[in-house]
Amino acid sequence: MNKLTISTFVLLLLFLAANTLHAQSYIAKNGKAEFLSNAPMLEFKGTSNHLAGLIDLDQNLVDFYLDLTTLDTGIELRNQHMRNRYLETDEYPYAEFTGQLISSFDPDSFTTQQVTAQGSFSIHGTEREITISGTVTPTKKGIQLDASWSILLADYNIERPSIVFYKLANEQQIDISILLKPKTN
């Protein structure tokens, strides 16, 4: 091999190595999702550790979904009522946000950065355009994402319980926390 061919080969190897070190897609299947219902006479949370997600920096895509049957409020009877009567998880088993990052962040900077995504949130068969703000913190293991937003149950055609001891706030606070790891091909 001549010097030019060896140099070209070495440059090609360096280029390929650099591209594989900085993955542009990140995925996870075990993030945490939580909702908070804060009604005047009753406050409770529902949590799940089954949030799945994807961030694809090449396509500027954000996609997260949750199997609603995994939500747990701490009381089995309340879980059954929530799933069967109000969320109707037999017919609408998932909540999902799909959108685009509208603010950029540097995955090579190990500092917490503010991000905003705009897209469609769907639950209970209803889809609405929303904007979500959160933070991302690049780590050695991937990208830690934390975000919060509120929804109104009425906007998603989710009936509120009418029984006095089952007071449920129309506005629900949603929080997610998930460590997304580089996607390997």
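FYI, the numbering just counts along the sequence from 1.
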query = Under the ring pair (Phe, Tyr, Trp, His ring centres under 6.0 Å) test, which residues partner His50, sequence neighbours left out?
reply = none
ask   = If only atom types and distance count, is the side chain of Asn170 paired as donor or acceptor with the main-chain N or O of Ala154 below 3.5 Å?
value = yes
query = Quick one: does Gln113's side chain have a donor or acceptor within less than 3.5 Å of a partner on Asp106's backbone?
reply = yes
ask   = Is the closest side-chain heavy-atom distance between Leu87 and Ile123 below 4.5 Å?
value = yes
ask   = Side chains of Leu180 and Val136: does their closest heavy-atom pair fall under 4.5 Å?
value = no
query = Between Glu127 and Ser120, do the side chains contain an N or O donor and an N or O acceptor separated by less than 3.5 Å?
reply = yes
query = Pro138 and Pro107: which non-hydrogen atoms are nearest, and at how many Å?
reply = CB-O, 3.3 Å
query = Between Phe105 and Thr112, does a side-chain contact (heavy atoms from CB on, under 4.5 Å) hold up when you go through it step by step?
reply = CA-CA 9 Å; Phe105 73 94; Thr112 299; over 6 Å; no
task = Indicate yes or no for a side-chain donor-acceptor contact from Asp56 to the backbone of Ser25 under 3.5 Å, with no hydrogens or angles considered.
result = no
ask   = Do Asp72 and Thr47 get their side chains close enough for a donor-acceptor pair, meaning under 3.5 Å?
value = no
ask   = Which heavy-atom pair separates Ala28 from Leu179 by the least distance, and what is that distance?
value = CB-O, 3.2 Å
task = List the steps and the verdict of side-chain contact (heavy atoms from CB on, under 4.5 Å) for Ile176 and Trp149.
result = CA-CA 9 Å; Ile176 63 170; Trp149 68 97; 4.1 Å; yes
ask   = Do you know the tightest heavy-atom contact between Asn79 and Gly74?
value = OD1-N, 4.2 Å
Just distance, no hydrogens or angles: give the donor-acceptor pairs under 3.5 Å from side chains in residues 93-102, sequence neighbours left out.
residue, atom, partner, partner atom, Å
Glu96, OE2, Thr98, OG1, 3.4
Thr98, OG1, Asp63, OD1, 2.8

key: Single-linkage hydrophobic cluster, 4.5 Å side-chain cutoff, Leu51 and Ile130 together   = yes
Other ILVMFWY residues reachable from Ile27 by side-chain steps of under 4.5 Å = Leu54, Leu61
inquiry  = With rounding to the nearest 0.5 angstrom, report the OH to OH distance, Tyr92 to Tyr86.
reply    = 16.0 Å
message = Are the side chains of Arg85 and Glu159 in contact, using a 4.5 Å heavy-atom criterion?
response = no
query = Rounded to the nearest 0.5 Å, how far apart are CD1 of Ile143 and CG of Leu57?
reply = 5.5 Å
request  = Would you mind reporting whether Tyr26 and Ile178 have side-chain heavy atoms less than 4.5 Å apart?
outcome  = no
request  = May I ask you to decide if Leu71's main-chain N or O and Arg83's side chain share a donor-acceptor pair within less than 3.5 Å?
outcome  = yes
ask   = Are the side chain of Ser133 and the backbone of Thr116 linked by a donor-acceptor contact shorter than 3.5 Å?
value = no
query = When rounded to the nearest 0.5 angstrom, what distance separates CD in Glu171 from CD1 in Ile151?
reply = 9.5 Å
request  = Determine the minimum heavy-atom distance between Arg160 and Leu153, stating which atoms define it.
outcome  = CG-CD1, 3.8 Å
remark   = Separation between OG1 (Thr135) and CG (Leu145), nearest 0.5 Å, reads 7.0 Å
message = So, taking the atom named OG in Ser122 and the one named OH in Tyr65, what distance separates them when rounded to the nearest 0.5 Å?
response = 13.0 Å
ask   = With distance as the sole test, does Asp175 use its side chain to make a donor-acceptor pair with the main-chain N or O of Ser148 at under 3.5 Å?
value = no
key: Min side-chain heavy-atom separation Ile132-Phe121 under 4.5 Å   = no
query = What's the shortest heavy-atom distance between Ser37 and Ala169, and which atoms?
reply = OG-N, 3.3 Å
Residues Gln173 and Ser150: side-chain donor-acceptor under 3.5 angstrom = yes
task = Locate the shortest heavy-atom distance separating Tyr156 from Leu152; write the atom from each residue and the value.
result = CD1-O, 3.4 Å
inquiry  = Would you compute the distance between atom CG of Asp58 and atom CD of Gln24 and round it to the nearest 0.5 angstrom?
reply    = 4.5 Å
